[in-house]
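Working notes, beginning with the structure itself.
Every heavy atom of this structure was used, including side-chain atoms; hydrogens, water molecules and symmetry mates were not. Protein chains get the first letters and strands the later ones, always in sequence-line order, with residue 1 at the start of each. It should be emphasised that the depicted structure is a prediction, and the values quoted were computed from it without experimental measurement.
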Number of protein chains: 2
Amino acid sequence: MSIRGAPVEELIRRAIAGDRRSTGRLLSLVEAGGTEAERVTELTPSPTGGAHIVGITGPPGSGKSTLVARLIGVASGAAPRPAVLAVDPSSPLTGGAILGDRVRMTGVDSGAFIRSMATRGHIGGLALAIPGAVRVLEAAGFDPVMIETVGVGQVEVDITAAADTTVVVVTPGMGDAVQASKAGLLEVADVFVVNKADRPGATGTRRDLELMLELSHVTGHEDADYRPPILMTNSLDGQGVVEVCEAIIDHRTYLESSGKLAERRHRRARFEVANRLQGRFDRSLADLLDSDPVRILLDQVAAGTVSPAAAARRLAQHLVPSEARAAGPQFS
Amino acid sequence: MSIRGAPVEELIRRAIAGDRRSTGRLLSLVEAGGTEAERVTELTPSPTGGAHIVGITGPPGSGKSTLVARLIGVASGAAPRPAVLAVDPSSPLTGGAILGDRVRMTGVDSGAFIRSMATRGHIGGLALAIPGAVRVLEAAGFDPVMIETVGVGQVEVDITAAADTTVVVVTPGMGDAVQASKAGLLEVADVFVVNKADRPGATGTRRDLELMLELSHVTGHEDADYRPPILMTNSLDGQGVVEVCEAIIDHRTYLESSGKLAERRHRRARFEVANRLQGRFDRSLADLLDSDPVRILLDQVAAGTVSPAAAARRLAQHLVPSEARAAGPQFS
């Protein structure tokens with residue numbers, strides 16, 4: 001039976017047995033979305049204590065790809081093998097280029113599984129596709145699973161919030177530290193990396209991060225027992241990369257010993273379920289707003305004869321049943 | 001009666017009569033959100049054919065603030081007077097600084113109303129506050145109302161999509177044009193400005209934009225009859241600013257003569273109503289996911305005994321009633 005025509009159950013069986021082409025095919029199904037993607041996710045439940053999910057994010061040009069390639073190099077010595085999902089939320093065009101570069105950098109025999117994912121112009125789709133892809137890679141036995149995102153924005157924060165350990169990469173100068181702080185990455189970072197640390201301003205950037213961490217701890221960071229380390233690297237020559245790898249493993253150890261791993265897994269489950277509900281809401285909202293009677297209502301809002309608040313109140317009952325909630329839902 | 005204690009109706013009456021402090025107070029109420037913000041929006045319906053809403057966006061450092069100050073200078077000669085909402089979605093810290101710079105640049109006697117707005121750490125809040133603030137400024141007789149956003153991201157695209165005319169500002173080099181394209185700003189731009197046009201690479205940036213416009217027209221831009229002009233400016237010495245002002249007015253004229261202004265106003269109404277419904281959904285979803293029975297369900301998802309898809313299906317009926325939609329809602 002060919003890979004393309006194989007049923008999902010068969011692909012999962014083969015992927016678990018170590019067939020990389022079946023893993024790739026499952027990831028394509030997840031990326032494409034729809035009912036087959038649902039089926040893949042349904043059949044690959046995330047096992048407790050599964051792979052270590054590592055999010056790696058930071059501004060464009062901070063050298064994340066090179067750092068990730070270096071981390072693969074460090075991690076490839078050990079079993080099980082690492083996997084990388086390189087996510088570009090903004091463009092379907094660069095995906096191939098990222099992948100090409102990566103394969104060139106790491107070599108084909110590292111044992112790592114590297115895959116780029118793009119949104120195909122649909123940001124909401126990515127929020128569903130990534131947890132699904134992580135499940136596939138976990139089921140296929142890859143560990144750690146690194147999710148690398150390009151850019152700094154809400155999408156990146158959301159994606160990295162779903163990881164066990166989040167690494168935020170910045171570079172000296174350029175206001176990267178401030179930009180990362182503005183984007184809310186400070187709150188989600190478990191490990192900071194100042195990459196290209198041979199450049200002028202590296203010490204200043206480190207100081208900026210320390211100051212911002214200090215402030216965020218004062219104003220109530222979520223976790224008072226853990227303080228994210230700030231590491232200096234030069235991913236081009238590999239300096240400091242082993243220390244980053246150790247810091248990532250240390251954070252996982254901390255999560256396990258403190259009982260916070262369960263919290264993170266709960267948060268990831270919540271994130272994944274919430275995204276599915278958001279998807280349903282988006283479709284339902286679009287259907288509603290495109291319907292003829294609602295178009296007339298929106299024209300009245302545009303003309304100023306109905307206020308947006310009144311229109312929203314009138315439409316809300318068709319989307320969010322507050323009565324059902326007030327009645328107290330039962331789920332067990 | 002003091003401004004602070006005055007009821008919303010009284011503040012609106014005074015704002016319409018030209019009292020700037022009352023306008024400022026109304027904007028503060030809108031920014032704070034909650035029931036008083038709702039009341040302000042309820043009482044300031046957007047009149048058809050009201051102020052020209054101009055969105056101005058682009059990457060940080062592209063000189064938007066200086067350009068906006070120059071545009072105020074050009075527009076201040078005419079009645080009615082312009083207003084500016086300077087929006088920084090990422091940080092509550094920089095709002096004051098932007099405002100301070102602006103007041104210094106434009107002088108206090110230009111007649112323009114300038115106000116900075118920040119999210120106070122709540123991005124969804126901004127999507128509600130901005131249309132509300134625009135309504136207040138329209139009601140108070142300001143025209144045009146310019147909305148300036150800092151940064152390039154989904155928030156900026158959403159905000160500018162709510163304007164009649166969207167100006168995208170980029171600078172030579174730095175990959176600004178490509179970044180704007182990735183962020184989806186190309187699709188919403190009605191006027192392009194290459195600012196700091198005295199810098200090296202200005203012609204190349206213009207060419208990049210022309211090429212990307214060409215491609216987007218080929219692949220199906222929303223509007224085949226209108227091609228966004230690309231203007232070169234130097235906002236520091238004011239070169240090219242009059243032409244930008246003319247291009248903005250020309251676009252408005254085009255919208256009116258082509259009947260597309262009504263479409264844009266419909267889109268703005270849709271955006272505003274959709275944001276309100278999204279806000280309700282967010283609150284309802286958070287309540288649901290924080291409830292004890294759902295926490296247990298999410299733990300089962302985290303443990304892999306229930307799939308996220310199954311959990312979402314079970315919860316969906318408490319959020320999105322597909323039955324109510326199937327029954328065919330009546331809204332008139």
Problem - Min side-chain heavy-atom separation A:Glu42-B:Pro308 under 4.5 Å - result: no
Practice task
Specify the closest pair of heavy atoms between A:Leu277 and B:Ala312, including all atoms of both residues, with the distance to one decimal.
Solution key: CD2-O, 3.4 Å
Problem - Atom of A:Ala269, atom of B:Ala302 and distance for their closest heavy-atom approach - result: CB-N, 3.8 Å
Handout entry: CA sep, side-chain torsions, deciding dist, call: A:Phe281, B:Leu285, side chain to side chain contact (heavy atoms under 4.5 Å, CB included)
Key = CA-CA 10 Å; A:Phe281 174 78; B:Leu285 181 63; over 6 Å; no
Fill in the blank from the handout: chain A shares the most heavy-atom pairs under 4.5 Å, among B:Glu38, B:His266, B:Arg276, with B:His266
Practice task
Could you grab the distance from atom CZ of A:Arg135 to atom OG of B:Ser307, nearest 0.5 Å is fine?
Solution key: 7.5 Å
Exercise for the section: Carefully, step by step, assess B:Arg270 and A:Asp299 under the rule salt bridge (Lys or Arg N to Asp or Glu O under 4.0 Å). Expected result: CA-CA 9 Å; B:Arg270 183 188 164 118; A:Asp299 280 335; over 6 Å; no
Exercise for the section: Select one option (side chain, backbone, both, neither) describing which atoms of B:Leu298 are under 4.5 Å from chain A's heavy atoms. Expected result: both
Practice task
Side chain from CB out, backbone as N, CA, C, O: work out which of these in B:Ala262 comes under 4.5 Å of a heavy atom of chain A, or both, or neither.
Solution key: neither
Handout entry: Under 4.5 Å from any heavy atom of chain B - which part of A:Asp292
Key = neither
